[in-house]
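Everything below concerns the one structure shown next.
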Amino acid sequence: STRRTHPSSLASSRPSSGGDTSSSSTGSASPVPNNYDNLEGGSYPVETNHLLVAAPYGSYGYPGMPPAYHQGPASLANASPSHEPYGQSGYQPYSQPFPSMSQLSTALGGLSGVPELEVEALRPVNLLQEKNLLPPRALEAPEPNLSPELRKVNCSPQSFRCTLTSIPQTQALLNKARLPLGLLLHPFRDLQQLPVITSNTIVRCRSCRTYINPFVTFLDQRRWKCNLCYRVNDVPDEFMYNPVTRSYGEPHKRPEVQNATVEFIASSDYMLRPPQPAAYLFVLDVSHNAVEAGYLKYFSELLIDNLDKLPGDTRTRVGFLTFDNTIHFYNLQEGLSQPQMLVVSDIDDIFIPSHDSLMVNLKESRELVKDLLTSLPGMFSHSKETHSALGPALQAAFKLMSPTGGRVTVFQTQLPTLGAGSLQSREDPNQRSSTKGVQHLGPATDFYKKLALDCSGQQIGVDLFLLSSQYSDLASLSCISKYSAGSVFYYPSFHHTHNPAQLEKFQRDVERYLTRKIGFEAVMRIRCTKGLSIHTFHGNFFVRSTDLLSLANVNPDSAFAVQMSIEDSLADSSLACFQAALLYTSSKGKRRIRVHTLCLPVVSQLSDVYAGADVQAITCLLADMAIDRSLTSSLSDARDALTNAAVYLLSAYKSNVSNLQQSGLVLPASMRLFPVYILALLKQKALRTGTSTRLDERVFAMCEFKTQPLQQLMRMVHPDLYRLDDMSDQGALLLNHTLVPQPHLLHLSAERVRRDGAFLMDCGNVFYLWIGKSCSDVFIRDVLGCSSYASIPENMRHIPELETVLSERVRAFLDWLQDKRSFCSSVHVLKDEASAKAPFFQRLVEDRSEAASSYPDFLEHLQQQICRKE
Amino acid sequence: MFFTIKRYTGPDQAPFQPARWQYHGTTRVPHSGRRDRKGTLYRKMENGGGSVHSITCGLLCTDFPLGVLSQIITLSDLECDYINARACCSKLNKWVIPEMVGQCLSTMLMLVSMHWFTFFLNLPVAAWNIYRYVKVPLGNMGVFDPTEIHNRGQLKSHMKEAMIKLGYHLLCFFIYLYSMILALIND
């Protein structure tokens with residue numbers, strides 16, 4: 001239809017929706033006057049008296065130059081005489097970082113001769129014969145097949161990862177490969193170093209609004225070609241100056257063009273309202289059930305301890321709200337001698353009793369806040385009220401936070417039973433281990449979804465901590481966080497004394513939660529090269545328009561994924577680029593834009609597509625797709641789809657690429673772990689059948705799949721297993737004067753686990769250290785500090801700091817693993833005893849479990865399926 | 001060819017249903033003209049029995065194409081980023097029930113007046129409208145859900161559906177118009 005042609009032509013004149021600038025409704029259809037020109041870097045008034053726009057270059061003509069520029073650095077020397085007007089420093093070193101497309105493709109062509117990596121990735125692996133599929137070290141993201149310069153500046157795979165590091169040219173080729181195309185993003189993760197750019201003009205493409213990035217092409221010194229839409233743009237004057245080297249005329253050396261991940265301090269053009277103060281509202285369940293669980297005391301202690309570490313500045317505001325069958329507000333206005341509790345019992349028509357004293361400045365009312373937190377656990381200790389009016393409490397929170405937006409943290413311990421949003425128990429405990437299908441994975445009401453969208457519109461993010469021992473319908477409750485870009489935490493069977501493991505996890509999570517970075521009023525836009533389009537989004541956010549994600553809050557622990565399709569052939573270009581731009585208000589009240597750009601080669605051969613396949617990213621994306629499928633269709637459909645993904649890949653590879661007429665299951669080396677991962681996925685709580693799984697735990701596992709970053713998710717699905725007792729310094733890394741031993745990865749099968757060893761399983765947020773019955777006493781004594789196997793205590797939760805070589809090695813290795821993640825993982829020491837070893841052996845996914853097949857059986861099943869298809 | 005031809009001979013056919021039964025199948029005037037809803041209704045109005053029906057139906061069949069057209073415009077607004085998903089979906093959801101009721105009503109009228117061809121033409125669309133309304137999952141905010149519309153190509157399939165409906169309603173509109181003119185001429 002004709003209307004479809006509008007976006008590109010109108011985008012430049014409608015910056016409010018074309019850019020990441022809009023943080024509320026972009027509903028207006030009237031074109032906004034084109035007052036963003038200065039920002040976009042185009043239509044600069046030509047200052048005739050400007051030094052640089054001297055006569056011969058007035059028209060940006062570069063009379064004798066263009067060929068030289070297209071030839072690249074080699075021929076620059078010939079052209080140097082014409083650089084004279086720029087002076088010595090200006091033009092001479094102008095070697096284009098990434099010259100024109102044609103040149104790139106020749107560079108690539110040269111590269112793709114027979115690069116070793118690619119050959120290794122394509123080595124056919126017969127799964128039935130090769131038993132050791134795991135690499136010795138944890139699997140890394142594959143390197144895209146790019147020229148070394150491009151590879152050097154490309155975005156870190158931890159922030160931005162594509163399932164196929166070689167993008168197929170056409171949708172037909174993609175279909176033939178039988179692999180999903182998608183991106184996995186972790187845009188707000190904690191970074192060690194990040195170039196922050198303060199500049200009046202943020203240079204962006206005039207038509208598609210892409211931020212300038214290392215992969216654009218400088219046609220000449222005053223013009224650059226967008227790598228996403230191929231429009232030629234002007235380089236603004238300010239951009240000619242390089243603040244790092246303090247030299248003029250080197251636009252290609254600016255930090256924006258040297259780094260694939262940059263952060264801009266945005267000007268007021270990127271704001272719809274002045275940056276709001278950081279606002280935190282805590283909504284606490286104080287019903288009888290909550291008092292029984294006893295979380296309040298621990299929460300209060302943690303919050304008091306971390307009050308100073310809450311991200312924010314002098315304007316930070318906090319508020320508290322508690323609820324059982326009524327809603328209690330707390331007046332914390334500065335000057336009061338003690339906190340004042342206001343009770344609203346009309347939960348059908350909730351109102352805010354006082355408007356300015358409920359959300360208070362943390363700095364001014366600090367003592368009152370402390371008073372309240374100290375007295376809170378005692379205040380309700382005799383509560384007999386069993387009902388929970390969560391819905392009205394959330395409505396109250398929404399009303400309270402609407403003016404500023406911010407973060408609402410909800411602690412809930414049971415099924416909401418009163419007022420709007422009350423729910424009924426839907427779980428049938430007898431169906432927990434049914435193999436037929438699982439009901440009630442979706443929400444029971446749209447109340448929470450609607451409220452979440454209202455919250456999202458007012459820039460309120462809602463995070464949910466569910467601590468319950470009974471069914472609480474997380475499927476419905478989680479909607480409040482899912483669509484307001486919040487996070488969900490779930491502690492099944494939480495009890496402060498009976499379940500110390502959950503309590504410990506709760507404390508660790510809350511501490512990280514309170515102190516982690518936060519961005520408010522955020523939007524993220526994902527742009528990709530013309531021809532590619534996004535068709536499905538995974539994660540916690542609200543998709544406001546085709547490529548704009550509205551994130552009321554953004555936190556460093558949540559990740560997103562998108563699925564893409566190839567609408568038009570990419571044959572014209574040799575590179576495909578993706579850019580994710582996250583615009584947010586920092587807790588210090590600064591508007592910032594974090595931009596990640598990823599560049600990948602485009603290929604036309606199926607074998608190249610397989611060579612660049614990223615098996616971990618593919619697994620994660622398939623997991624997301626399976627979750628969607630189980631919600632829209634059924635769990636068994638989702639499971640079938642996963643198995644089929646492996647079957648289709650195996651048969652596609654057999655019929656298209658491998659010319660060996662060998663029988664058996666053959667996959668390229670890059671994808672050799674795919675069946676293991678699929679089997680591991682099928683055994684996860686979210687997708688398993690036949691094993692007793694509580695509905696809430698299943699739903700929570702599904703939420704985790706959608707929001708956890710790739711590394712974390714992969715460790716959950718397929719933990720890393722190492723043997724610790726025979727570690728040597730061979731191949732160890734030397735980091736900061738400590739030797740970090742590098743034990744080999746082991747397959748997750750009981751046959752690799754020996755009685756006489758000690759094995760470490762890294763499951764992401766927890767390390768299990770399993771000690772075999774006949775493990776050497778030296779290891780037990782030197783590492784655990786116990787005299788013998790029998791004297792290892794039941795609930796050992798740490799590795800003592802002993803001055804022995806073994807202990808130092810183990811700790812160095814654990815610290816090294818820990819260093820690579822943002823949160824603190826706990827260590828559980830497990831003995832080889834029936835009750836204790838269960839969590840360890842459950843995760844050995846290659847073994848047969850009560851309801852699921854072992855890896856060899858699974859391969860056999862795949863082979864049968866393939867035969868049936870042929 | 002299209003319909004069984006029915007003729008109402010005069011205003012004295014007071015008992016509506018029996019008279020129609022009587023005439024149905026007995027008085028066949030080959031090629032004397034086709035009548036459809038409009039024509040029938042026109043006569044019924046004379047009978048004084050179905051004036052309300054006729055107005056509803058007349059409105060309906062002109063309103064459908066316009067309604068679907070506005071649906072297409074709203075959807076493409078969303079596609080082009082002129083409107084956000086929430087606003088778009090609440091706009092579209094408002095029309096789901098009226099459309100369904102209208103479609104069912106007109107189908108019922110066809111059935112009552114025994115215009116079998118148009119009845120069977122309307123039936124699948126009415127059935128589809130009911131089906132998609134009933135099939136909305138509990139937690140969704142209606143047939144068009146703002147949180148889902150950008151996923152799994154839903155926007156495209158909604159667009160496709162609206163396009164097909166537009167074609168269908170336009171076709172119907174012209175069939176009705178044609179039949180009405182024929183009916184008028186025959187009178």
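Here is how names work: the chains are called A, B, and so on, in the same order as the sequence lines, proteins then strands, and each is numbered from 1.
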Practice item. Output yes when a side-chain donor or acceptor of B:Asn151 lies under 3.5 Å from a complementary backbone atom of A:Phe537, and no otherwise. Key: yes

Exercise for review: Identify the two heavy atoms, one from A:Thr536 and one from B:Arg152, that lie closest to each other, and give their separation to 0.1 Å.
Suggested key: OG1-N, 2.8 Å

Study note, to complete from the structure: With sequence neighbours left out, the residues meeting side chain to side chain donor-acceptor pair (under 3.5 Å) with A:His538 are A:Gln563, A:Lys706

Check your understanding: Are any of the side-chain nitrogens in B:Glu148 or A:Lys482 under 4.0 Å away from the carboxylate oxygens of its partner?
Key -> no

Review point. Does some side-chain heavy atom of B:Thr147 sit less than 4.5 Å from a side-chain heavy atom of A:Leu453?
Key: yes

**Study point:** Minimal non-hydrogen separation, B:Ala85 against A:Phe542, with atom names
**Key:** CB-CZ, 3.9 Å

Revision key, fill the gap. The reported gap from NZ in A:Lys449 to CE in B:Met141 (rounded to nearest 0.5 angstrom) is 7.5 Å

Study note, to complete from the structure: Taken in chain and number order and not counting sequence neighbours, the residues that satisfy salt bridge (Lys or Arg N to Asp or Glu O under 4.0 Å) with A:Arg629 are none

Review point. For the atom pair CZ (B:Arg86) and CZ (A:Arg544), what is the distance rounded to the nearest 0.5 Å?
Key: 12.5 Å

Revision key, fill the gap. Turns out that what part of A:Ser565 lies under 4.5 Å from chain B's heavy atoms comes down to neither

Check your understanding: What distance separates A:Thr546 OG1 from B:Leu155 CG, expressed to the nearest 0.5 Å?
Key -> 8.5 Å

Check your understanding: Is the backbone N or O of B:Asp81 less than 3.5 Å from a side-chain atom of A:Ser545, with the two atoms forming a donor-acceptor pair by type?
Key -> no

**Study point:** Closest approach of A:Pro443 to B:Leu138 (non-hydrogen atoms, all atoms of both residues)
**Key:** O-CB, 3.5 Å

